[in-house]
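In each ligand, atom 1 is the first atom listed, and ligand 1 is the first ligand listed.
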Amino acid sequence: MTEKVAVLGTGKIGEALLSGMIRGGWSPSDLLVTARRPERAEELRARYGVEAVSNAEAAKAAETLILTVKPQDMGALLDELAPHVPADRLVVSGAAGIPTSFFEARLAAGTPVVRVMTNTPALVDEAMSVISAGSHATEEHLAHTEAIFGGVGKTLRVPESQQDAATALSGSGPAYFYFLVEAMTDAGILLGLPRDKAHDLIVQAAIGAAVMLRDSDQHPVTLREAVTSPAGTTINAIRELESHGVRAALIAALEAARDRSRELASGNS
Ligand SMILES: NC(=O)C1=CN([C@@H]2O[C@H](COP(=O)(O)OP(=O)(O)OC[C@H]3O[C@@H](n4cnc5c(N)ncnc54)[C@H](OP(=O)(O)O)[C@@H]3O)[C@@H](O)[C@H]2O)C=CC1
Ligand SMILES: O=C(O)[C@@H]1CCC=N1
């Protein structure tokens, strides 16, 4: 029997995963989606050739259920779903903040739950998906989850106690880089460059720096030192970043994201 996977609450992250699975060779006939609005269900059907069903039907038909609704919608989804989920289903949560114990308390005793924090670069197969086992998830469940999310990028196992930190760094991480690109493009405008050229220069600098960070095996400090010439331009910029407290701001920002992830733990805040 072919295994079916259902994505429940197919919004931005659910669709990113779904599209990646299809790019990676999953047959649309082995995938199910659910949506709250009929027009969204129709859009997913038309775009990917997948069947859109109710949450209850997905729970009955699919061996693996990937829940990608907002943390605040998870309680209501589980209330609707719980009576229909046999205990042998693998339930994968993609939501920020919510611990595996939240699912285990609402599903049949012994249901395996895996928590995953992925990110939007799943759309270009460059996600990082951080994976933790709930109390009934086995090595097989983790490996299966890695196989699904490995199709849209890298995966990393962490103890669940590190998931809120991983969410701050990796789940939200792409937003910080988009924010930096936006701010640096504004700087280019101030310096007299046309917006499109400023954008292209900063994006290419970001791509070049990202590839060197990934492929050069060199520490970020070494890479930065190589750009920073004595009495040159870069050190003047670095002095401004330090005197404006950018390092401290980033540490505080990620701490705030981690704290918000913790607050979302109850699923209704
Ligand atoms: N966006 C990101 O970068 C990341 C998000 N996440 C996590 O992924 C999850 C989804 O986030 P995101 O994709 O941004 O949010 P979206 O709002 O885009 O997606 C959630 C989807 O779930 C649908 N939905 C809500 N309740 C139900 C229900 N009962 N039955 C069926 N569908 C339902 C919503 O419908 P409707 O369209 O009607 O609102 C929406 O389409 C969150 O838990 C978030 O923490 C994790 C990593 C990164
Ligand atoms: O902002 C959020 O809550 C979600 C989770 C991680 C990225 N986006």
First locate atom CE of Met21, then atom CD1 of Ile66, and finally report the distance between them rounded to the nearest 0.5 Å.
5.5 Å
Per-atom contacts, ligand 1 versus [X] - under 4.0 Å to a heavy atom:
| X | value |
| --- | --- |
| Ala96 | 43 (O), 45 (O) |
| Pro71 | 42 (C), 43 (O), 45 (O) |
| Met117 | 46 (C), 47 (C) |
| Thr34 | 31 (C) |
| Gly94 | 6 (N), 7 (C), 8 (O), 46 (C) |
| Thr118 | 47 (C), 48 (C) |

What protein heavy atom sits nearest [atom], and how far away is it?
| atom | result |
| --- | --- |
| atom 38 (O) of ligand 1 | Arg37 NE, 3.0 Å |
| atom 18 (O) of ligand 1 | Lys12 N, 3.0 Å |
| atom 40 (C) of ligand 1 | Gly11 CA, 4.2 Å |
| atom 23 (C) of ligand 1 | Gly9 CA, 3.8 Å |
| atom 3 (O) of ligand 2 | Ala96 CB, 4.5 Å |
| atom 15 (O) of ligand 1 | Lys70 NZ, 3.2 Å |
| atom 10 (C) of ligand 1 | Thr68 O, 3.2 Å |
| atom 28 (C) of ligand 1 | Asn55 ND2, 3.9 Å |
| atom 2 (C) of ligand 2 | Ser172 OG, 4.9 Å |

Under a plain distance cut-off of 3.5 Å, with no hydrogens placed, do [Y] and [X] share a side-chain donor-acceptor pair?
| X | Y | answer |
| --- | --- | --- |
| His219 | Thr222 | no |
| Thr100 | Glu160 | yes |
| Ser129 | Thr118 | yes |
| Thr10 | Glu15 | no |
| His144 | Glu3 | yes |

Can you check side-chain hydrogen bond (donor to acceptor under 3.5 Å, both in side chains) on Thr111 and Glu104, steps first, answer last?
CA-CA 7 Å; Thr111 304; Glu104 290 165 355; over 6 Å; no
Are Asn55 and Leu77 packed together at the side-chain level, in the sense that at least one heavy-atom pair is separated by less than 4.5 angstrom?
yes
Do side-chain atoms of Ser54 reach the backbone of Glu57 as a donor and acceptor pair under 3.5 angstrom?
yes
Under 3.5 Å between some N or O of ligand 1 and some N or O of Thr120?
no
Polar proximity ligand 1 side, Asn119 side, N/O cut 3.5 Å exclusive
no
Cation over ring, Arg45 on Tyr48, under 6.0 Å and within 45°?
no
Ion pair check, [X] and [Y], cut-off under 4.0 Å:
| X | Y | answer |
| --- | --- | --- |
| Glu139 | Arg157 | yes |
| Arg239 | Glu242 | no |
| Arg23 | Asp125 | yes |

Regarding atom 4 (C) of ligand 1: of the candidates Leu44, Thr10, Ile13, which has the closest heavy atom?
Ile13
Pick, from Arg36, Arg40, Glu15, the option with the minimum heavy-atom distance to atom 34 (C) of ligand 1.
Arg36
Going by the 4.0 angstrom heavy-atom rule, the piece of Pro174 near ligand 1 is neither
Record the part of Val69 in heavy-atom contact with ligand 1 below 4.0 Å; permitted values are side chain, backbone, both and neither.
both
For atom 7 (C) of ligand 2, is some protein heavy-atom partner under 4.0 Å away?
yes
